[in-house]
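Written out below as structure tokens is the structure these notes cover.
Throughout, protein chains are lettered first and strands after them, A, B, ... in sequence-line order, and every chain is numbered starting at 1. Remember, predicted model here, so these are calculated numbers, not experimental data.
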Amino acid sequence: MSCMEIQEGISAFIDDAVPEEEAGSFFSHIADCEECRRFLQTSVRMRGMIARIPEPGVTPHLDARVLAIALPAGRSGGKARRLVSSLWQQRLGVPLPAVAAGIALIVLSALVSAWLWLSPARAPEQEVVYIFGMPQIEVYSGTHADAQ
Amino acid sequence: MQVPTDELLLEEVRGGNTEAFAALYRRYRAPLFAFCSRLTGNREHAEDAVHESFLKLSRSADGIRSPGALRTWLFRVARNESLMIRRQNRKIVRLAETDIDTPWEENTPLTLLEARDGAAQIEYALLRLKTEYREVLLLREFEDLSYAEIAQITGSTPSAVKARIFKARKALAQKLGL
Ligand SMILES: [Zn+2]
């Protein structure tokens, strides 16, 4: 390999783009080649210099310009629905179908309870025993005991 | 708190969610602006390039085939916008028949008077590199992108990127007198 090829390999090596086993041949070459050794040192030194270049700050003007961009809304209803589904999964940790099934179950139980409660055949029995009957018995019993 | 992925944010942008769009902008504004700034050598042009990139994102979010590679997509668009703005600017300079020495003139010796400290010196030397050398070196050194990613951004191949980065380092060393 020529010195140019070796140096191209060294350049790729410092970019982690060369497997270790391939790099072995470069290092055996630079042990005897002043020019290639110098290229490696220079490349590493330039990397250090580049790392010290300060980052240019983004201006509030650019922020304002970009954040003022209006998005074309509602162009992908199907995708938006899938997104809502994925957000539910992410935030609640429960799949959307499970949440829907749970809500349906609660609504159904409420309807069944209401039907049972309002059913004419059962209403009188429940009224007498649980609503008017029992509390009255307890109240009279307590008052009677205090009086004694 | 879990940080939303680019993929999820892009999906929200597709549904018209402006907060997701703002989140993507905040995520990428600094590296994109720095890249465009160093590529064009002009902050105003860099602002225009970044603005145009996000405008394109807002309009063609549906067309991004690989949402996982949004970073590469943004850098490719920002790079193309920067080069286009630069070309337009050069045309204007030529039409005005001025004798301005644009910072991307090739083979201009580094003026140490204009670059007193180390950071300014190398920044100036980077601006004097050929565009095709400067862009690959910026993406490699500042963004830590792989040769394959740089190839995608610059419309090239990984082996061509490898060769170009090597030549860029040789040219930079020469301009710095190293
Ligand atoms: Zn050699």
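- Residues M46(A) and F142(B) are members of one and the same hydrophobic cluster, defined by side-chain heavy-atom contacts under 4.5 angstrom among Ile, Leu, Val, Met, Phe, Trp and Tyr.
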Atom pairs and distances, donor-acceptor, side-chain atoms in residues 17-26 of chain A, under 3.5 Å, two or more places apart:
unit_1 : atom_1 : unit_2 : atom_2 : d
S25(A) : OG     : E22(A) : O      : 3.0

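- What you find for L172(B) and I50(A) is that their closest heavy atoms are CD2-CD1, 4.1 Å.
- Put simply, the side chain of L178(B) does not reach to within 4.5 Å of the side chain of Q41(A), judged on heavy atoms.
- For the pair E47(B) and T59(A), the minimum side-chain heavy-atom distance is below 4.5 Å.
- Heavy-atom pairs under 4.5 Å with chain B were tallied for V66(A), T42(A), D16(A); the largest tally goes to V66(A).
- Between P31(B) and E55(A), the closest side-chain pair of non-hydrogen atoms is not below 4.5 Å.
- Between the OH atom of Y25(B) and the CG atom of L62(A) there is a distance of 3.5 Å, given to the nearest 0.5 Å.
- Closest heavy-atom contact between S58(B) and I69(A): OG-CG2, 3.5 Å.
- Hydrophobic cluster membership is shared by I30(A) and V44(A), with clusters built from Ile, Leu, Val, Met, Phe, Trp and Tyr side chains linked at under 4.5 angstrom.
- M4(A) is not listed as a side-chain neighbour of K167(B), based on a closest heavy-atom distance of 4.5 Å or more.
- More than 12 non-hydrogen atoms from other residues, nucleotides or ligands lie less than 6.0 angstrom from CD of E143(B).
- Of all heavy-atom pairs spanning R65(A) and D48(B), the tightest one is NH1-OD1, 2.9 Å.
- Taking CG of L67(A) as the reference point, atom CD of E19(B) lies at 11.5 Å (rounded to 0.5 Å).
- Cluster annotation: I85(B) is not connected to V77(B) through the hydrophobic network of ILVMFWY side chains, with a link wherever side-chain heavy atoms come within less than 4.5 Å.
- At distances below 3.5 Å, at least one donor-acceptor pair connects side-chain atoms of R43(B) with backbone N or O atoms of G57(A).
- At least one side-chain heavy atom of I53(A) sits less than 4.5 Å from a side-chain heavy atom of L126(B).
- Of the residues considered (R26(B), R38(B), R140(B), E123(B)), R140(B) shows the highest number of contacts with chain A, using heavy-atom pairs under 4.5 Å.
- Under the 4.5 Å side-chain contact rule for hydrophobic residues, M84(B) and V50(B) do not share a cluster.
- Within the 4.5 angstrom heavy-atom criterion, no atom of L138(B) approaches chain A.
- In this structure, no portion of A148(B) lies under 4.5 Å from any heavy atom of chain A.
- Per-residue counts of heavy-atom pairs under 4.5 Å with chain A were compared for L32(B), L55(B), L137(B); the largest is that of L55(B).
- We find the CZ-CD distance between R169(B) and Q7(A) to be 12.0 Å, quoted to the nearest 0.5 Å.
- Between the CG atom in L57(B) and the CG atom in L71(A) there is a gap of 8.5 Å [rounded to 0.5 Å].
- Contact check for F39(A) versus K170(B): side-chain heavy atoms found under the 4.5 Å cut-off.
- Taking M49(A), E8(A), H61(A) one by one and counting their heavy-atom pairs under 4.5 Å with chain B, the maximum is reached by E8(A).
- For D144(B), no part lies near chain A; criterion is any non-hydrogen pair under 4.5 Å.
- Hydrophobic clustering places I6(A) together with I14(A) (ILVMFWY residues linked when any side-chain heavy atoms are closer than 4.5 Å, directly or through intermediates).
- The shortest non-hydrogen separation linking V58(A) to A30(B) is CG2-CA, 3.9 Å.
- Put simply, the side chain of I10(A) does not reach to within 4.5 Å of the side chain of F166(B), judged on heavy atoms.
- The environment of R47(A) atom CZ is dense: over 12 non-hydrogen atoms of other residues, nucleotides or ligands sit within 6.0 angstrom.
- For chain A, the nearby parts of F54(B) are the backbone and the side chain; heavy atoms of each come within less than 4.5 Å.
- Contacts between S37(B) and chain A at a heavy-atom distance below 4.5 Å involve the side chain alone, from C-beta outward.
- For P54(A) against A119(B), the heavy-atom pair with the smallest separation is CD-CB, 4.1 Å.
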